[in-house]
Amino acid sequence: GGQRRRGGGGGGNVAKGAVPRGGPDARAQSRAEVPPGTRVEVVQKEHQATGERTAGTVARTLGSQPTHPRGIKVELREGPVVGRVVRVLGEGGGGPRGAAAGA
């Protein structure tokens with residue numbers, strides 16, 4: 001017997017798919033990498049269970065920590081959107097093609 005699962009206190013899969021496997025992009029964990037104007041993908045708190053991402057431009061960073069393991073919390077310019085950065089797409093000045101490498 002003894003098929004009880006230990007650890008996590010249940011509900012461990014609540015945030016399944018919320019961030020890429022292994023956590024957010026390393027750049028997404030540093031405030032210095034996501035200044036206002038940076039194009040990013042975020043996961044809003046209400047979408048953590050599904051991992052639904054929202055792309056936008058950082059209006060401002062929230063909180064005061066220089067780094068965060070789940071991604072820096074930001075507010076986007078595209079509306080009242082607040083979420084944790086999971087991927088840095090590029091610099092805001094580059095337009096939608098700013099993240100293209102080796103063009």
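Count residues from 1 along the sequence. Atoms considered below: every heavy atom in the structure, side chains included; atoms not considered: hydrogens, waters and symmetry mates.
Residue Ala59 comes nearest to Pro36 through the heavy atom pair O-CB, 3.5 Å, listed as atom of the first residue, atom of the second, then distance. The two residues Gly71 and Pro24 have their closest heavy-atom pair at N-CG, 3.7 Å. Of all the heavy atoms in Ala28 and Val85, the pair that sits closest is CB-O, 3.3 Å.
Listed by chain and residue number, Arg31 satisfy the side chain to side chain donor-acceptor pair (under 3.5 Å) test with Thr61 (two or more places apart in sequence, or in another chain). Listed by chain and residue number, nothing satisfies the side chain to side chain donor-acceptor pair (under 3.5 Å) test with Arg77 (two or more places apart in sequence, or in another chain). For Arg60, the side-chain contact (heavy atoms from CB on, under 4.5 Å) partners two or more places apart in sequence, or in a different chain, are Leu62, Glu75. Every residue two or more places apart in sequence or in another chain was checked for a side chain to side chain donor-acceptor pair (under 3.5 Å) with Thr67, and none qualifies. Shown here are the salt bridge (charged side-chain N to carboxylate O under 4.0 Å, His left out) partners of Arg84, two or more places apart in sequence or in another chain: there are none. When the side chain to side chain donor-acceptor pair (under 3.5 Å) test is applied to Gln44, the partners found at least two apart in sequence or on another chain are Thr54.
Val82 and Val34 are assigned to two separate hydrophobic clusters, defined by single-linkage of ILVMFWY side chains at heavy-atom distances under 4.5 Å.
Classification of Arg39 and Glu33 as a salt-bridged pair fails, no side-chain N sitting under 4.0 Å from a carboxylate O.
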Practice prompt. Take Val86 and Val42, measure what side chain to side chain contact (heavy atoms under 4.5 Å, CB included) needs, and give me the verdict at the end.
Written response: CA-CA 5 Å; Val86 292; Val42 302; over 6 Å; no
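Side chain of Thr38 to backbone of Pro35: a donor-acceptor contact under 3.5 angstrom is found. The closest donor-acceptor contact from the side chain of Gln29 to the backbone of Pro69 lies under 3.5 Å.
The closest side-chain heavy-atom distance from Arg53 to Arg87 is below 4.5 Å.
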